[in-house]
J.: 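What follows is a single structure, and I will ask about it in a moment.
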Amino acid sequence: MDLGLTDKVVVVTGASSGIGLATAGLALDEGAKVALCARGPERLGDVAEKLSALYGADRVLAQPVDVLDEAAVTDFAAAVSARFGAVHALINNAGQGRVSTFADTTDDAWRQELELKYFSQIRPIRAFQPALKASGQGAIVATNSLLAYQPEPHMVCTSSARAGVQSLLKSLSVELAPAIRVNSILVGLVDSNQWQRRFEAREDQSQSRDDWFADLAHKKNIPLGRLGQPDEAARALLFLASPAASFITGAQVEISGGISRYI
Ligand code: NDP
């Protein structure tokens, strides 16, 4: 199947590692031009250098941006339009989860988490909306979490914020139609930097990486018996972002190895 992404412009936030990086690479494989951002300039610079060497510097634009910084996001959108013109897809992927129960989540932590989850969508969508509309076939895809539908008490504020974001995306899929489609993926557990950090902080430091991840998959009862890989989430993001998904809006695709227990 041809995704129809040749020469299309795809923006990926949080693209210096994990799912975002895999998505940027796949989009370039499909012939798209890619604009990527993340906060840390060093890791982003290394990634941009590698992608430019592989696919050509004329197809890659990388800019250090915190998606919560309105001015920086606006500058990024202006830079992308100046370089590539219209934008066909915005993939809102930047972020991370917060592990805390209700008892140990302070008001400040609640505010930070709600700000991260909502404004990592709101700011890029506002900034890129004109360029997406100008493409005549704009698409927004959000990396969301299965926690939106299946909350976990040990991630209480992330779960709650994720559910609210699904509601926001559903509303936007109506408000922005027919010019822009809006979809999301619901990630279960994907082996990215987030899990690498938790592995490095493991209680039993003698446990190997393979054993720690196998244990995790077992404890979480993942029917497919393992965590997902970043490119397994990236393929779904890119499909929803592409013209191949032209009649899909307001939808969510679960990428979890079957971990959900709802119908
Ligand atoms: P990684 O930590 O590997 O990648 C996260 C990326 O986002 C990095 O490039 C990071 O770079 C960037 N980033 C984080 N915060 C910001 C910000 N405020 N502005 C711009 N860039 C930012 O994690 P994943 O690939 O796992 O995460 C991708 C998305 O998937 C996240 O939204 C995460 O919450 C979600 N997710 C992941 C799950 C998993 O199991 N992996 C489960 C459920 C959801 P830098 O730090 O330099 O900014």
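Atoms within a ligand are numbered from 1 in the order they appear, just like the ligands themselves.
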J.: Any idea which of I185, D191, V190 brings a heavy atom closest to atom 40 (O) of ligand 1?
T.: V190

J.: Would you mind listing which atoms of ligand 1 come within a distance below 4.0 Å of any non-hydrogen atom of G18?
T.: 3 (O), 25 (O)

J.: Touching ligand 1 at all, L189? Heavy atoms, strictly under 4.0 Å?
T.: yes

J.: Classify the ring geometry of F199 against F213: parallel below 30°, tilted from 30° to 60°, perpendicular beyond 60°.
T.: tilted

J.: Closer than 4.0 angstrom: is that true for some heavy atom of G188 and an atom of ligand 1?
T.: yes

J.: For the 3.5 Å polar cut-off, considering only N or O atoms, please tell me whether L68 and ligand 1 meet it.
T.: no

J.: Between D210 and R226, is there a salt bridge with N-O shorter than 4.0 Å?
T.: no

J.: For the hydrophobic clusters of this structure (ILVMFWY residues joined by side-chain heavy atoms under 4.5 Å, transitively), does one cluster hold both L238 and L36?
T.: yes

J.: Output the distance between atom CD1 (I255) and atom CZ (R235), rounded to the nearest 0.5 Å.
T.: 9.5 Å

J.: Pick one of side chain, backbone, both or neither for how R162 approaches ligand 1, counting any non-hydrogen atom pair under 4.0 Å.
T.: side chain

J.: With the 4.5 Å side-chain cut-off for hydrophobic clustering, are L240 and V10 part of the same group?
T.: yes

J.: Considering non-hydrogen atoms of the protein only, which is the closest contact for atom 38 (C) of ligand 1, and what is the distance?
T.: V187 CG1, 3.7 Å

J.: Would you mind listing which atoms of ligand 1 come within a distance below 4.0 Å of any non-hydrogen atom of S16?
T.: 8 (C), 9 (O), 11 (O)

J.: For atom 33 (C) of ligand 1, grab the closest protein heavy atom and report residue, atom and distance to one decimal in Å.
T.: Q194 NE2, 3.0 Å

J.: Is S145 in polar range of ligand 1, meaning some N or O pair under 3.5 Å apart?
T.: no

J.: Just jot down the ligand 1 atoms closer than 4.0 angstrom to any heavy atom of Q96, in number order.
T.: 34 (O)

J.: To the nearest 0.5 angstrom, please state how far the CG atom of L51 sits from the CG atom of L61.
T.: 12.0 Å

J.: Looking only at protein heavy atoms, which one is nearest to atom 2 (O) of ligand 1, and what is the separation?
T.: N193 CB, 3.4 Å

J.: Quick one: look up the protein heavy atom nearest atom 6 (C) of ligand 1 and list residue, atom name and how far away it is.
T.: G14 O, 3.4 Å

J.: Considering heavy atoms of the protein only, find what lies nearest to atom 10 (C) of ligand 1 and give residue, atom and distance to 0.1 Å.
T.: R43 NH2, 3.8 Å

J.: Considering residues, nucleotides and ligands other than Q205, do more than 12 of their heavy atoms fall under 6.0 Å from its CD?
T.: yes

J.: Among A94, G95, C37, whose heavy atom sits nearest atom 5 (C) of ligand 1?
T.: G95

J.: Which ligand 1 atoms are under 4.0 Å away from a heavy-atom of D66?
T.: 17 (C), 18 (N), 19 (N)

J.: Among protein heavy atoms, which sits nearest to atom 19 (N) of ligand 1, and what does the distance come to when rounded to 0.1 Å?
T.: V67 N, 3.0 Å

J.: Establish whether I248 and L237 are linked, either directly or via other cluster members, by ILVMFWY side-chain heavy-atom contacts under 4.5 Å.
T.: yes

J.: Identify whether the distance between the nearest side-chain nitrogen and carboxylate oxygen of E113 and K117 falls below 4.0 Å.
T.: yes

J.: So is A15 close enough to ligand 1, meaning a heavy atom under 4.0 angstrom away?
T.: yes

J.: Return the CZ to CG distance between F239 and L5, rounded to the nearest 0.5 Å.
T.: 11.0 Å

J.: For the pair T158 (side chain) and M155 (backbone), establish whether a donor and an acceptor sit closer than 3.5 Å, ignoring hydrogens and angles.
T.: no

J.: Rounded to the nearest 0.5 Å, how far apart are CD of E70 and CZ of F119?
T.: 8.5 Å

J.: At what distance is the nearest protein heavy atom to atom 24 (P) of ligand 1, and which residue and atom is it?
T.: S192 OG, 3.3 Å

J.: At under 4.0 Å between heavy atoms, is it the side chain or the backbone of R39 that contacts ligand 1, or both, or neither?
T.: both

J.: Look at atom 20 (C) of ligand 1 and find which of V65, T13, T143 reaches it with the closest heavy atom.
T.: V65

J.: Quick one: nearest non-hydrogen protein atom to atom 47 (O) of ligand 1, plus distance?
T.: G40 N, 2.8 Å

J.: So, are R43 and D46 salt-bridged, with charged N and O less than 4.0 Å apart?
T.: no

